[in-house]
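FYI, side chains are in, hydrogens and waters are out, and symmetry mates aren't considered; it's all heavy atoms of this structure. Only a predicted model underlies this, so the values are computations on that prediction, with no experimental measurement involved.
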Amino acid sequence: MRLKALILGLLTLPILMTSAGGLALNPLEDVCRGEARTSPACREAETQSGDPSTNPVVDTIATAANIVAIIAGIGAVIIIIWSGFKFVTAGGNPEKAREARSTLTGAVVGLVIVALAWVIVSIVTTRIIQ
């Protein structure tokens, strides 16, 4: 039950992190929409905010996260296919079927963890570092 709640909480994290979800990560965002738009702090924040891909550190982190996610995804798919093959060739042996099932569960859990890690890295690089 705790694991289900944890997974549900991690899956809803990207929704909460968007501006449509109501969570403002930039405290000047709401202030600078009003009459204080011409203040020096708002003008400075406006000049500093921009496309995160122009920052080489953010670009490097995003590229590394994408490469790791792709490699892990390909590996997880290969392991899922392999565990399916092991399950089909178990021949009614409950021990082999249990082993194949645990391999499949581990691959799916690993794939979910990699996907969530990629989402977190993407959120951090686009919202917080920006």
In the single-linkage hydrophobic clustering (I, L, V, M, F, W, Y; side-chain heavy atoms under 4.5 Å), do I70 and I78 co-cluster? yes

Can you tell me how far apart CG (L111) and CG (L116) are? Round to the nearest 0.5 Å. 10.0 Å

When rounded to the nearest 0.5 angstrom, what is the spacing between OG1 in T105 and CD1 in I80? 10.0 Å

Please round to the nearest 0.5 Å and tell me the distance separating atom CD1 of I123 and atom CH2 of W118. 9.5 Å

What's the separation between atom CD1 in I67 and atom OG1 in T63, rounded to the nearest 0.5 Å? 6.5 Å

Taking NZ, NE, NH1 and NH2 as the nitrogens, is one of them in E99 or K96 under 4.0 Å from a carboxylate oxygen of the other? no

Do I79 and T103 pass the side chain to side chain contact (heavy atoms under 4.5 Å, CB included) test, and can you show the C-alpha distance, the side-chain angles, and the key distance before you say yes or no? CA-CA 8 Å; I79 292 173; T103 304; 3.8 Å; yes

